[in-house]
Amino acid sequence: MNSQLGHNLISLKTIDSTNLYCVRNLQSLPSGTVVVAENQTNGRGRNGRHWHSPKGKNLYTSILIHTQPTSQLTMFVSQAASLAVYSTVIDFNLNDVWIKWPNDIYINQFKVAGILSECHKLQTDSLAIIIGIGVNLNMRQEELKQIDKPAESLGSILNKKIDVNHFLQQLINQLDELFHEIETNGPDRIYTLWKSASPIIGKTVNVFISSAERVTGTVIDLAYDGGILMQLASGEKTKFLAGDVSLAYEPK
Ligand code: BTN
């Protein structure tokens with residue numbers, strides 16, 4: 001990666017989506033760029049969903065890094081990103097924080113943050129990875145109810161205003177450290193920490209393969225590549241990858 005995260009910080013008032021901003025400017029933005037916006041008019045979530053992005057309330061950021069296709073950083077970027085958000089939230093002395101596979105951050109049964117990573121080829125042989133992170137920081141209960149799934153914000157739980165810039169700085173520091181760890185010592189520690197923050201092994205879960213197809217099974221393990229190993233109700237053992245399915249299961 002070769003460059004510190006956040007050395008190029010782009011602060012926008014309003015944008016359709018910080019991820020889309022990165023995609024449009026992919027060739028000119030250096031690796032390590034952090035884009036942050038006060039609001040998004042077309043915030044995007046995983047699986048084509050919308051990400052609720054009211055003005056000045058939350059963190060909406062995209063972090064751009066250049067990697068090599070075969071590097072360990074490329075394979076573990078998503079695990080590292082969810083772990084960085086998880087650790088930043090934990091540092092607010094919050095209990096019952098966990099990662100819902102593959103990379104949603106929950107407090108109890110409420111989602112507080114989500115990650116949308118995308119990968120694009122550059123003109124060189126490198127890849128550009130855009131890590132889009134949305135964290136609910138200061139939405140109040142009335143606003144949280146507008147989200148179609150149970151959601152919370154840190155400020156509402158802690159009953160205080162959370163400084164968006166401070167949260168972003170802490171998050172960037174965490175992510176920088178984790179990327180550095182992968183590059184110097186390999187991904188084992190990140191994989192172990194990510195797995196222990198994701199309490200899903202042994203649970204019965206519903207896997208949504210498409211809007212029309214759903215299977216049920218028991219989780220056997222979380223794989224090194226971030227996939228989920230399951231024993232289906234039919235007895236068949238199979239692995240699902242993060243980009244292909246979504247899950248429903250009870251919190252820990
Ligand atoms: C999800 O859980 O569905 C992922 C949500 C990701 C939202 C963030 S907000 C900043 C960045 N820009 C976007 O349009 N989406 C991501």
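Atoms within each ligand, like the ligands themselves, are counted from 1 in listed order. Every heavy atom of this structure was used, including side-chain atoms; hydrogens, water molecules and symmetry mates were not.
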Novice: Tell me if a side-chain donor or acceptor on S126 pairs with a main-chain N or O of T124 at a distance below 3.5 Å.
Specialist: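 Such a contact is absent between S126 side chain and T124 backbone.
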Novice: Given side chains that start at C-beta, do those of Q40 and T18 come closer than 4.5 Å, heavy atoms only?
Specialist: yes
Novice: Anything under 3.5 Å between a donor and an acceptor, one on a side chain of residues 160-172, the other on a protein residue two or more places apart or in another chain? List them.
Specialist:
residue, atom, partner, partner atom, Å
D163, OD1, N165, N, 2.9
D163, OD1, H166, N, 2.9
Q169, NE2, N173, OD1, 3.2

Novice: Using atom types as modelled and distance alone, determine if a side-chain donor or acceptor of H52 lies under 3.5 Å from a backbone N or O of G43.
Specialist: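 Not at all, since once roles are kept as given, no pair shorter than 3.5 Å links the two residues.
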Novice: Is there a donor-acceptor pair closer than 3.5 Å between any side-chain N or O of N19 and the backbone N or O of L116?
Specialist: yes
Novice: Please answer whether the main-chain N or O of E152 pairs with a side-chain N or O of S156 as donor and acceptor at a distance below 3.5 Å.
Specialist: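 The answer is no, because no donor-acceptor pair under 3.5 Å joins these two groups.
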Novice: Distance under 4.0 Å, heavy atoms only, partner ligand 1: which residues pass?
Specialist: S17, T18, N19, Q40, G43, R44, G45, R46, W51, Y60, T61, S62, D104, K111, G114, I115, L116, G132, I133, G134
